[in-house]
Structure formats: structure tokens, C-alpha cells
Number of protein chains: 2
Amino acid sequence: MTTPPPSPPPLLRLEDFVPYRLSVTANLVSDVIASAYEARFGLKVAEWRLVAVLAEDGPQTQQSIGQRTRMDKVTVSRAAIALCDRALLERRDNPQDKRSHLLVLTEAGIRLYEEVAPVALSLEKELLSGIGPAEMDALMAMLKRLEQAALTVGTGLMADADGDGN
Amino acid sequence: MTTPPPSPPPLLRLEDFVPYRLSVTANLVSDVIASAYEARFGLKVAEWRLVAVLAEDGPQTQQSIGQRTRMDKVTVSRAAIALCDRALLERRDNPQDKRSHLLVLTEAGIRLYEEVAPVALSLEKELLSGIGPAEMDALMAMLKRLEQAALTVGTGLMADADGDGN
DNA sequence: GCCAGGTAGTTACATTTGTTACCAATAAGC
DNA sequence: GCTTATTGGTAACAAATGTAACTACCTGGC
């Protein structure tokens, strides 16, 4: 009609924009994994993470799990409650600090872990089919570096998150 | 007192488990980006994506945007409504199909894009500091491959309610 | 000891997000 | 030119997620 679509010069290719690509891929992967856990073991991702961390590093407080996995303390709390309800973990009193509980896997929890872990690894393998071990190491290293960078940038912007219209 | 010693053999190192690492990193990065967009331009991620896709590929329907960005059609719809309210885009009737609208950026939308894009690129650069261009290409390639693999695996074990098409 | 300030964890609430159901328009069958 | 099945899009509902406030406890100064 009057003004034909102006077609501005694309300043940015979304397909090749790292945060976008990262987010899309991660969500897709996460979705696949999540539904596999959910369908096969009735576990949500957060719950599986609790189990994995506890199996790996032994009993610890919710806070320490939260730090390790960068999950919110509320998320951890809910996951812990859910697992406790299913008797997969126990919350013992922490002699050092009576505010906190020490989370410990029960026998059933350990068994569940031993059942889930191989499935998780096999899913991972399937996802990584066609990617060599060297490449994979490089991928992991980059992800870790990205994580660090994001933390730095994040805390940088945190100072004046909002308040100024700008 | 002393109870079953909870030292199961760690079958899996969460730190090195790709889906976990990917998810943690992506969420962190996404968070940083999202709060930057939100604080500086009042844009949510989905909204920014609409703007970017429209600027890049020109006017198109919501459905095509959904396919391209793997966002749910509801997400796209909400983002479109929000942007329309702010007069950043217009919904023209689609002569081909009167059910759908053609989304077109307005002048203001284009200007916003031209303002946001450089910021996005600079944020990306900051995140990628310390990662060489070759490595980055490798990262992108691997992410794309992971995405493909996830799609395959996903459709394999999911009931797949999503009409992804092509 | 006691009070201020801070932390672990939970609860209650608000916001976001996904699901389902629905309407309008198209396309296919008769 | 109707009736039925599908599709684009939205709205209404339900579930997940984050935020703020709260309890219980710890720590330090006095």
C-alpha cells in the first residue's frame, strides 16, 4: 500500500546470537530430559538434582545444595519436601546449626539414584552422538567460562537493576 | 546413632553432566540478558525475539515466528499483544489467510530494534570475552547439533502433542 | 545475660508459564 | 452451497516459579 515493509538492515542474526542459541538448545534438551525423568521415575529436575548431589557429595544442608546447583532455596526446599514425602531422603538435625537440616539419602533414595544414573548417562550419550570427546570437553570448558562471565556481568548490572527509567 | 553409611559410588558427576551444565549456564546467561532487556527497554525475552525476527526476516505470521524460535504459539501471541499495545508493531490482515495477522514492525519498532541490537551484541561480546572466534563457531555448531539430537530423541520418546511440522 | 543484626528454611502470595477449550476462518467432501 | 475437519489465534483456567514476609536460630556487641 503506502509504505512497503521497510526491511531495515539486519544488525543481528538471531540464529547466530549466542544467548539465543544457548537458551533454545538448553530448553529443548532440558525438556527432553525432564520429561524422561518425570515419566520414568516421577522425578522433577530439581528433585533429581538433589538426589544426584547427595549421592555424589554425601549429606549436606539445603543451602549448600542450592549454592552448588544455583537453585533457589525455595526450589530446593520444595524438592526436599517432595523427596522426603516419598521417603527417598531423610532430614536429620544438624548438630552444628539447629536451623538447618542435613539431607541424607535413604536406602530407597540410593537405589533410585542407582537406577536413574545409568538412564541419565545413556540419554546424555544419545544426545551427544556425533560429538567427539575432545569437542565435548571443549564444550564443557566453554560453558563453564560462559557461566563465569555471566556471573561477572550479572553482578555488574545488579547494582542498579531498576529505578531509573532510562 | 551411626546409620547406614551413605557412600554410594558416584556413578555420575553432575558437574560434568552435559544437560545439567547446559541448563545451568543457559539459565544464568538468559537471566542476565533478560534483566538487561527488561531494565533498559521494558522488553521481555519473547518480545525482543519477535522484534528481532521481524527486523531480520520481515513481516510474517505469528505461527511462522513460533516455528522459527520454537516458542509456543501462546507465548508469541502474548508478546505480539504486548508489543502492539506499545505501538511497536502492527497487525495487518493477511490477504492469504484471514485468520492470521501479518506482524509488521512500526517505525517505532524499527527504531527500538536499532537501539537494542547494539546493546545485545555488546552484552554478547562481554559474555564471550576470553573465547576465541574459532571456539565460538565450534560452540555454535555443537549447540545446533545438540538441538537436532534433542529433537530426535524428544520425538522418539514423547507422545509429541506439538505440531512442529517440517 | 540481652538485644541488634543476619542466616536457614518455610509459608503465603503474586507473577509467569503452560494447557485446555474455544472462536473464526479455511479447506475438503458431498 | 452446506457440513465436517483443520488451522491461526485468543481466552480462561491450572500448574509451576519467583518474591516477600515470617519463624526459628545463630552471632556479635554491650
Side-chain angles (χ1 to χ4, degrees), chain A residues 23-24 26-28 30-32 34-35 37-38 42-50 59-85 89-103 154 158 161-162, chain B residues 23-24 26-28 30-32 34-35 37-38 42-50 59-85 89-103 154 158-166:
Chain A
S23 168
V24 169
N27 285 341
L28 216 57
S30 191
D31 245 37
V32 170
S35 45
Y37 290 165
E38 177 78 55
L43 282 179
K44 303 190 179 179
V45 173
E47 290 162 22
W48 155 244
R49 283 185 187 170
L50 283 215
Q60 55 196 294
T61 65
Q62 297 185 181
Q63 198 216 17
S64 103
I65 295 177
Q67 271 176 242
R68 177 122 157 32
T69 59
R70 300 201 195 296
M71 293 194 289
D72 196 79
K73 63 179 184 171
V74 178
T75 309
V76 175
S77 173
R78 296 201 252 242
I81 290 170
L83 291 172
C84 213
D85 284 350
L89 66 78
E90 233 176 76
R91 328 176 94 173
R92 307 209 176 136
D93 286 345
N94 184 354
Q96 253 85 57
D97 185 338
K98 274 174 198 154
R99 290 169 298 182
S100 68
H101 316 283
L102 268 184
L103 303 187
M158 212 78 142
D162 75 330
Chain B
S23 168
V24 169
N27 284 341
L28 216 58
S30 191
D31 243 38
V32 169
S35 46
Y37 290 165
E38 176 79 55
L43 283 178
K44 304 192 176 176
V45 173
E47 291 163 19
W48 155 244
R49 283 185 187 170
L50 282 215
Q60 55 197 297
T61 66
Q62 294 185 183
Q63 199 214 20
S64 103
I65 295 178
Q67 270 175 242
R68 176 118 157 36
T69 59
R70 298 200 197 296
M71 293 195 290
D72 196 80
K73 64 176 182 171
V74 178
T75 309
V76 175
S77 174
R78 295 202 254 243
I81 290 170
L83 291 172
C84 212
D85 283 350
L89 67 77
E90 232 177 78
R91 329 177 94 174
R92 306 207 176 137
D93 287 345
N94 185 354
Q96 253 85 57
D97 187 335
K98 276 177 196 152
R99 289 169 298 186
S100 68
H101 316 282
L102 268 184
L103 305 186
M158 281 197 349
D160 196 36
D162 188 292
D164 188 10
N166 46 335

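Bear in mind the structure is a predicted one, so any value in this text is a computation, not a measurement. Order of the sequence lines fixes the chain letters, A, B, ..., with proteins taken first and strands second; residue numbering starts at 1 for each chain.
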Problem set entry | Residue-phosphate contact under 4.0 Å: B:Q62 side-chain N/O, D:dT10 OP1/OP2 | yes

Seminar exercise, completed: Between NZ of A:K73 and P of D:dT19 the distance, given in whole Å, is 12 Å

For this session: Give one of base, sugar-phosphate or nothing for A:D97, where a contact means two heavy atoms less than 4.0 Å apart.
Result: sugar-phosphate

Problem set entry | Side-chain N or O of A:R78 closer than 4.0 Å to phosphate OP1/OP2 of D:dA15 | no

Exercise. Going through the distances and angles, do B:Q63 and B:S100 end up as a side-chain contact (heavy atoms from CB on, under 4.5 Å)?
Worked result: CA-CA 9 Å; B:Q63 199 214 20; B:S100 68; over 6 Å; no

Exercise. Can you list the residues that meet the salt bridge (Lys or Arg N to Asp or Glu O under 4.0 Å) rule with B:D31, with sequence neighbours excluded?
Worked result: none

Exercise. D:dT7 C1' sits how many Å from B:H101 NE2, rounded?
Worked result: 13 Å

Exercise. On DNA chain D, nearest-nucleotide positions of B:T61 versus A:N94: which is more 5'?
Worked result: B:T61

Exercise. Please give, in whole Å, the distance from D:dT17 C1' to A:R49 CZ?
Worked result: 14 Å

Exercise. With respect to the phosphate group of D:dG8, does any side-chain polar atom (N or O) of B:Q63 fall under 4.0 Å of OP1 or OP2?
Worked result: yes

Seminar exercise, completed: Taking for A:I81 and for A:S100 the nucleotide of DNA chain C with the nearest heavy atom, the one nearer the 5' end belongs to A:S100

For this session: Describe the nucleic acid contact of A:K98 in one word from base, sugar-phosphate, nothing, applying a heavy-atom distance below 4.0 Å.
Result: sugar-phosphate

For this session: Verify the distance criterion only: is there a donor paired with an acceptor across the side chains of A:T75 and A:R49 at less than 3.5 Å?
Result: no

For this session: Considering just the side-chain nitrogens and oxygens of A:S77, establish if one lies under 4.0 Å of OP1 or OP2 belonging to C:dG9.
Result: no

For this session: Have a look at A:V74 and say if it touches a base, only the backbone sugar-phosphate, or nothing, with a 4.0 Å heavy-atom cut-off.
Result: base

Exercise. So does A:R91 get a side-chain nitrogen or oxygen closer than 4.0 Å to the phosphate oxygens (OP1/OP2) of C:dT10?
Worked result: yes

For this session: Rounded to the nearest angstrom, tell me the gap between atom CG in A:L102 and atom C1' in C:dG9.
Result: 14 Å

For this session: Could you tell me the separation between the CD atom of B:Q60 and the C1' atom of D:dG9, rounded to a whole number of Å?
Result: 16 Å

Exercise. Taking CZ from A:R99 and C1' from D:dT23, how many angstroms apart are they, rounded to a whole number?
Worked result: 12 Å

Exercise. Considering only heavy atoms from C-beta outward, does the side chain of B:T61 approach that of B:L102 to under 4.5 Å?
Worked result: yes

Exercise. D:dG18 C1' sits how many Å from B:K44 NZ, rounded?
Worked result: 13 Å

Exercise. Take atom CG in B:D93; do more than 12 heavy atoms of anything else shown fall under 6.0 Å from it?
Worked result: no

Exercise. For A:D72 and C:dT11, what is the distance between atoms CG and P respectively, to the nearest whole Å?
Worked result: 15 Å

